[in-house]
Amino acid sequence: QVQLVESGGGLVQAGDSLRLSCAASGRTFRRYSMGWFRQAPGKERESVAAINWNDGNTYYSDSVKGRFTISRDNAKNTVYLQMNSLKPEDTAVYYCAADRNMYGLGSPMSYNYWGQGTQVTVSS
């Protein structure tokens, strides 16, 4: 069982940066692939980024590639999402997710554990 708690969201202006954190419980965090998803009002939850637990490979959606960076610190049981050059269209609730899966990390169906979400609002 893994419990996830996101933090770091807030209200920023276009062009600003934010770093989201997701703290995980449990002693086997290093064996969990981690993903960041987001959901804007009236829209489906979409993948933002993911990191494979086995080889550390990362995945990014086209909409954030080059602006966002996912990383993890296994010693701190934490995964991060560094978000630069934020745009108003990045406004959403951001969720982190975890699973032992190594494949299909861009799909929310691949994750069994979810955090409660943190709001990111980017004003123009």
Side-chain angles (χ1 to χ4, degrees):
Q1 190 78 8
V2 177
Q3 293 182 325
L4 305 171
V5 179
E6 301 98 333
S7 61
L11 172 63
V12 297
Q13 293 186 332
D16 285 352
S17 297
L18 273 178
R19 188 177 79 158
L20 305 183
S21 300
C22 174
S25 65
R27 293 178 290 179
T28 58
F29 171 77
R30 66 186 183 279
R31 296 193 181 276
Y32 282 81
S33 294
M34 303 297 296
W36 284 99
F37 291 78
R38 67 187 182 187
Q39 189 166 18
K43 295 188 176 181
E44 293 187 355
R45 190 168 297 190
E46 63 171 349
S47 174
V48 175
I51 184 165
N52 187 308
W53 72 264
N54 187 46
D55 54 20
N57 280 348
T58 56
Y59 157 87
Y60 298 95
S61 68
D62 288 342
S63 61
V64 306
K65 199 171 294 183
R67 299 188 297 123
F68 291 12
T69 303
I70 187 171
S71 62
R72 66 190 300 161
D73 185 337
N74 289 336
K76 295 183 178 180
N77 278 18
T78 301
V79 64
Y80 304 98
L81 184 68
Q82 178 67 44
M83 306 186 295
N84 298 330
S85 302
L86 282 162
K87 304 175 181 180
E89 51 262 44
D90 295 318
T91 295
V93 177
Y94 283 70
Y95 300 89
C96 73
D99 203 273
R100 292 294 305 273
N101 262 326
M102 292 186 288
Y103 308 104
L105 298 182
S107 169
M109 300 295 291
S110 298
Y111 297 87
N112 279 308
Y113 304 103
W114 291 84
Q116 82 290 347
T118 185
Q119 176 71 46
V120 172
T121 303
V122 184
S123 63
S124 57

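Numbering starts at 1 and runs along the sequence shown. Note: hydrogens, waters and symmetry copies are ignored here, and every other heavy atom, side chains too, is used.
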Using side-chain contact (heavy atoms from CB on, under 4.5 Å), reason through Val122 and Asp16 one step at a time and then give a plain yes or no. CA-CA 8 Å; Val122 184; Asp16 285 352; over 6 Å; no
Starting from the C-alpha separation in whole Å, work towards a yes-or-no answer on side-chain contact (heavy atoms from CB on, under 4.5 Å) for Phe68 and Leu81. CA-CA 7 Å; Phe68 291 12; Leu81 184 68; 4.1 Å; yes
I'd like to know whether Val120 forms a side-chain contact (heavy atoms from CB on, under 4.5 Å) with Leu20, so could you lay out the CA-CA distance, the side-chain angles of the two residues, the decisive distance to 0.1 Å, and finally the verdict. CA-CA 9 Å; Val120 172; Leu20 305 183; 4.0 Å; yes
Run the side-chain contact (heavy atoms from CB on, under 4.5 Å) test on Leu4 and Tyr95 for me, step by step, so that the C-alpha distance in whole Å, both residues' side-chain angles and the decisive distance to 0.1 Å come before the verdict. CA-CA 9 Å; Leu4 305 171; Tyr95 300 89; over 6 Å; no
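In this structure, Arg45 fails the cation-pi test against Phe37, since its NZ or CZ atom is not both closer than 6.0 Å to the six-membered ring centre and inside 45 degrees of the ring normal. Figure legend: Arg72 and Tyr32 shown without cation-pi pairing, the cationic atom not lying both under 6.0 angstrom from the six-membered ring centre and within 45 degrees of its axis.
Few gaps surround CD on Gln116; more than 12 heavy atoms of other groups in view lie less than 6.0 Å from it.
One distance of note links CG of Asn112 with CG of Asn101; it measures 8.0 Å at 0.5 Å rounding. Note that OG of Ser63 and CZ of Arg38 are 4.5 Å apart. Values are rounded to the nearest 0.5 Å. Distance check, rounded to the nearest 0.5 Å: OG of Ser47 to OH of Tyr111 gives 6.5 Å. Within the model, atoms CE of Met34 and OG of Ser71 stand 11.5 Å from one another, a figure rounded to the nearest 0.5 Å. Remark: Thr69 OG1 to Asn84 CG distance equals 6.5 Å, nearest 0.5 Å. Residue Asp55 holds its CG atom at 8.0 Å from CE of Met102, rounded to the nearest 0.5 Å.
Counting only distance, with no hydrogens or angles, the side chain of Ser110 and the backbone of Gly104 share a donor-acceptor pair below 3.5 Å. Without hydrogens or angle criteria, Glu6 side chain to Cys96 main chain gives a donor-acceptor distance under 3.5 Å. Side chain of Asp73 to main chain of Thr78: no donor-acceptor pair is present (N/O by atom type, distance under 3.5 Å, no hydrogens or angles). In this structure, the side chain of Ser33 engages the main chain of Trp53 through a donor-acceptor pair within 3.5 Å. For Arg19 (side chain) and Gly8 (main-chain N/O), no donor-acceptor pair under 3.5 Å exists by modelled atom type.
When all heavy atoms of Val2 and Ala98 are compared, the pair lying nearest together is CG1-CB, 4.4 Å. Here the closest heavy-atom approach between residue Ala49 and residue Tyr60 is recorded as CB-CD2, 3.6 Å. Taking all atoms of both residues into account, the shortest heavy-atom contact from Ala92 to Ala40 is CB-N, 3.9 Å. Annotation for Pro108 and Trp114: closest pair O-CZ2, 3.6 Å, computed over non-hydrogen atoms. Asp62 approaches Lys65 most closely through the heavy-atom pair OD1-NZ, 3.3 Å. Summarising the geometry of Ser17 relative to Ser85, their closest heavy-atom pair is OG-N, 4.3 Å, with the distance given to 0.1 Å.
Counting only N and O atoms by type, the side chains of Asn52 and Asn54 include no donor and acceptor under 3.5 Å apart.
In the hydrophobic clustering of ILVMFWY residues, with side-chain heavy atoms under 4.5 Å counting as a link, Trp36 and Leu18 come out together. Cluster membership for Tyr59 and Tyr113, using ILVMFWY side-chain heavy atoms within less than 4.5 angstrom, is not shared. Under the 4.5 Å side-chain heavy-atom criterion for Ile, Leu, Val, Met, Phe, Trp and Tyr, Met83 and Ile70 are members of the same hydrophobic cluster.
At a threshold of 4.5 Å between non-hydrogen side-chain atoms, the residues Lys76 and Phe29 do not count as touching.
When the side-chain hydrogen bond (donor to acceptor under 3.5 Å, both in side chains) test is applied to Arg67, the partners found at least two apart in sequence or on another chain are Asp90.
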